[in-house]
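One structure is given below, encoded as structure tokens.
Chain letters run A, B, ... following the sequence lines, proteins first and then strands; every chain starts at 1.
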Amino acid sequence: METILIILALILLAFFGSPLFSIIGVISLIAFHSAQIDSSAVIVELYRLANTPTLIAIPFFTFAGYLLAESNSPKRIVALARALFGWIPGGLAVVALISCAIFTAFTGASGVTIIALGGLLYPILLKEKYPEKFSLGLMTTSGSLGLMFPPSLPIILYAVVAKISVDKLFVAGFIPGMFLLIILAIYSIQFGVKASVPKTKFDIANVLIAARDVAWEIPLPFLVIGGIYGGLFTVTEAAAVTAFYVLVVEVFIYKDLKLFKDIPKIMQESMVLVGAILIILGTALGLTNYLIDAEVPKQLFTIIGELITSKILFLILLNIFLLIVGMMMDIFSATIVVVPLIIPIALAYGVDPVHLGIIFLMNLEIGYVTPPVGLNLFIASYRFEKPITKIYTSTLPYIAIRLVVLVLVTYAPNLSLYLVRLLQIE
Amino acid sequence: MNFLERISNYIAFAEKGLIGTLLMVMILLAFLQVILRNIFSTGILWVDPLLRHMVLWICFIGASIATQKKKHINIDVFSRLLSNKSKSVVNIFTNIFAAGVSYALMNAAYKFLLDEKDAQTVILTISNFEIASWWIQIIIPIGFGLMIFRFLINAIYYLTEMLRYQKVVETH
């Protein structure tokens with residue numbers, strides 16, 4: 001009876017907006033207390049934050065992402081993408097998809113893409129006679145595109161929590177991420193043909209001008225992707241090089257940001273996000289360990305295993321569960337809280353942990369734009385000054401496409417695992 | 001109230017300076033290490049453990065500023081449905097709750113720190129200078145302490161908000 005009351009109180013506190021770390025912290029403390037372990041053990045586990053080398057990548061990539069978002073690089077990226085792909089029917093929509101994907105990979109899907117790129121691309125889309133509903137949906141859905149590509153923060157965090165190799169996950173995300181991007185591009189192109197939107201002529205001179213403007217930022221994806229995929233850098237090293245490089249380029253070469261005026265503010269803002277993520281991770285480390293010691297996932301599996309006998313049925317239910325989680329929680333806390341519980345269960349059903357990572361991230365990407373409470377819907381409604389119901393209806397076709405891709409990625413594990421095996425990533 | 005907020009702002013000023021310095025030093029050290037490792041096939045031994053521990057400091061200072069700026073990550077599904085006044089009431093509760101949990105965690109961290117101090121673990125040596133683990137771990141109880149202070153200030157803030165809404169209702 002007492003336990004049920006405590007659980008109810010905690011659920012209420014969580015749903016009414018208590019900081020997630022305090023909820024997890026109190027559960028850890030209660031759990032250790034009931035197992036008659038001293039409370040300092042919670043901190044022993046929290047201190048593991050300082051013994052996980054991959055975590056160093058998180059402040060670096062977050063800072064680099066914030067720098068890019070505050071500089072004029074979104075403009076430069078869009079200009080180059082337009083010069084390259086503007087001639088395709090529906091080309092501007094393709095431009096939006098590609099720029100958003102690149103941008104989200106670097107900034108992590110925290111709504112920054114909609115704020116930074118949405119404000120830039122949406123007016124251009126309307127000016128070029130793309131229908132309002134199509135454009136709204138496109139920009140809202142693109143805000144979480146690109147999570148599958150390096151150096152996306154959610155992938156790094158998933159790897160840390162699941163204790164699997166980040167390199168493997170980065171490689172595994174490539175085909176599913178590209179696949180989703182291509183399908184969305186095809187949809188946009190056929191829409192562009194049908195609505196007969198105007199296209200620009202391809203002009204090599206324009207490409208060269210745009211490329212010269214963005215010349216210092218072009219190496220970034222190659223540095224990160226090439227460095228990691230090519231085995232030149234570890235993820236942490238790639239993060240350090242990226243942060244250093246972006247800082248130098250934006251401050252000293254483009255002079256978009258001032259060293260003493262803008263940089264301290266950006267540092268503080270980005271580190272507030274890092275602190276907010278890591279404090280949850282820190283308090284959750286103890287709880288996760290406790291749950292595994294108490295064999296909670298195993299007990300969950302015995303209960304679930306009796307009801308769900310096939311792997312297919314398990315995956316279907318997993319997808320539904322994760323979509324709901326993605327709608328209610330942001331991707332970082334969802335990863336920290338949910339992943340340790342589902343990994344042992346998924347393993348018991350024979351799901352590869354790397355494949356599970358891709359399924360997990362794809363679901364949460366969709367969760368961001370799932371009505372009624374997906375976070376990016378509210379950000380888009382705020383940014384584009386449109387009623388939330390209009391945003392709901394505009395995103396529906398995109399959600400449908402993403403669900404189809406999700407089903408394929410879920411039931412064809414080779415989409416995720418083929419490259420990992422081919423490249424023999426360890 | 002103003003007095004408390006002023007203290008909080010002074011602390012925030014120091015935190016902002018510290019977190020910026022930490023991040024800048026981390027970037028420079030990590031970049032230097034990459035150059036040393038990949039071009040000169042060498043490296044500085046104490047850089048890696050130092051970087052890992054600086055992440056711990058970033059975590060706690062960042063979390064403390066997040067408390068001041070009310071930017072902690074939460075699952076916020078219900079409070080969108082509430083009126084401004086009931087939202088303030090709910091926020092008083094959640095902030096007091098978070099302060100309580102931070103207090104319990106600070107106590108746990110204090111016990112942890114005493115154990116570590118007794119054990120006299122050295123985590124890194126810069127030339128001949130030995131750094132004991134508890135010097136760096138001290139940020140854990142301090143960080144939770146700062147958060148208690150900020151959560152309580154937040155609770156007081158929402159209390160005044162609630163009273164303000166109350167007044168608005170009464171005058172109408």
Side-chain angles (χ1 to χ4, degrees), chain A residues 12-23 25-26 29 38-44 46-47 49-53 55-56 58-60 63 232-233 236-237 239-241 243-244 247 263-264 267-268 270-283 328-330 332-333 373 378, chain B residues 15-17 19-20 22-24 26-28 30-31 33-34 37-38 48-49 51-56 58-67 69 71-80 90-91 93-95 97-98 100-102 104-105 107-109 111-113 115 136-137 140 143 151:
Chain A
L12 270 181
L13 278 163
F15 281 9
F16 275 113
S18 295
L20 199 58
F21 92 86
S22 63
I23 304 283
V26 85
L29 288 167
D38 192 82
S39 64
S40 64
V42 176
I43 308 296
V44 173
L46 180 145
Y47 179 58
L49 285 181
N51 289 312
T52 316
L55 280 184
I56 304 173
I58 291 183
F60 289 162
F63 177 56
L232 194 64
F233 296 139
T236 317
E237 287 178 328
V241 174
F244 184 83
L247 183 65
I263 301 300
M267 284 182 150
Q268 188 205 348
S270 54
M271 291 309 105
V272 165
L273 176 66
V274 172
I277 296 172
L278 291 185
I279 193 84
I280 299 177
L281 181 62
T283 43
M328 298 191 2
M329 284 169 117
D330 75 290
F332 302 116
S333 23
V373 286
F378 291 95
Chain B
E15 285 170 334
K16 202 172 151 182
I19 210 164
L22 279 170
L23 182 61
M24 202 53 114
M26 279 181 78
I27 292 173
L28 292 177
F31 185 69
Q33 188 82 330
V34 173
R37 206 170 277 157
N38 289 305
D48 288 358
L51 286 176
R52 281 190 276 111
H53 283 86
M54 284 170 109
V55 172
L56 192 70
I58 293 233
C59 164
F60 277 94
I61 300 168
S64 170
I65 306 176
T67 314
K69 298 196 174 291
K71 277 198 171 159
H72 271 293
I73 297 175
N74 54 22
I75 314 171
D76 192 9
V77 280
F78 286 172
S79 69
R80 285 190 197 114
V90 164
N91 284 336
F93 276 104
T94 55
N95 276 290
F97 168 74
V101 178
S102 302
L105 288 169
N107 268 340
K111 273 190 257 171
F112 166 78
L113 198 71
D115 291 345
I136 289 183
Q137 292 154 347
I140 309 176
F151 279 126

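Residue A:I277 touches chain B through both its backbone and its side chain, counting heavy-atom pairs closer than 4.5 Å. A:T52 touches chain B through its backbone: at least one of N, CA, C or O sits under 4.5 Å from a heavy atom, while the side chain does not. Using a 4.5 Å cut-off between heavy atoms, B:I61 does not touch chain A at all. Heavy atoms closer than 4.5 Å to chain B are found in the side chain of A:F60, but not in its backbone. In this structure, the portion of A:I280 lying under 4.5 Å from any heavy atom of chain B is its side chain and not its backbone. Using a 4.5 Å cut-off between heavy atoms, A:V274 contacts chain B through its side chain alone, with no backbone atom that close. Contacts between B:N38 and chain A at a heavy-atom distance below 4.5 Å involve the side chain alone, from C-beta outward. For B:D115, the part lying near chain A is the side chain, with the backbone staying farther off; criterion is any non-hydrogen pair under 4.5 Å. Residue B:M24 touches chain A through both its backbone and its side chain, counting heavy-atom pairs closer than 4.5 Å.
Looking only at distances, no side-chain donor or acceptor of A:S40 sits under 3.5 Å from a matching main-chain atom of B:K111. B:S102 contributes a side-chain N or O that, together with a main-chain N or O of B:A98, makes up a donor-acceptor pair within less than 3.5 Å.
Between A:F244 and B:F31, the ring planes lie parallel to each other; the angle is under 30°, not in the 30° to 60° tilted range.
One finds the OG atom of A:S333 at 12.0 Å from the CD1 atom of A:I23 (value rounded to the nearest 0.5 Å). We find the CG-CZ distance between A:L46 and B:F60 to be 4.5 Å, quoted to the nearest 0.5 Å. Note that CG of A:L12 and OG1 of B:T94 are 12.0 Å apart. Values are rounded to the nearest 0.5 Å. A:L273 contributes atom CG, which lies 5.5 Å from atom CZ of A:F332 (distance to the nearest 0.5 angstrom). Atoms OG1 and CD1, from A:T283 and A:I43 in turn, are 9.0 Å apart once rounded to the nearest 0.5 Å.
Among A:N51, A:V42, A:L55, the residue with the largest count of heavy-atom pairs under 4.5 Å with chain B is A:N51. Counting heavy-atom pairs under 4.5 Å between each of A:V44, A:I279, A:V241, A:L29 and chain B puts A:I279 at the top. Counting heavy-atom pairs under 4.5 Å between each of B:G17, B:A109, B:A108 and chain A puts B:A108 at the top. Each of B:I140, B:V55, B:L56, B:I27 has some count of heavy-atom pairs under 4.5 Å with chain A, and the biggest count is that of B:I27. The most heavy-atom pairs under 4.5 Å with chain A, out of B:L22, B:L23, B:I19, come from B:L23. Between chain B and the residues A:A50, A:G275, A:G17, the most heavy-atom pairs under 4.5 angstrom are made by A:A50.
Scored by the side-chain hydrogen bond (donor to acceptor under 3.5 Å, both in side chains) test, B:T67 finds B:H72 as partners (sequence neighbours excluded). With sequence neighbours excluded, no residue forms a side-chain hydrogen bond (donor to acceptor under 3.5 Å, both in side chains) with A:Q268.
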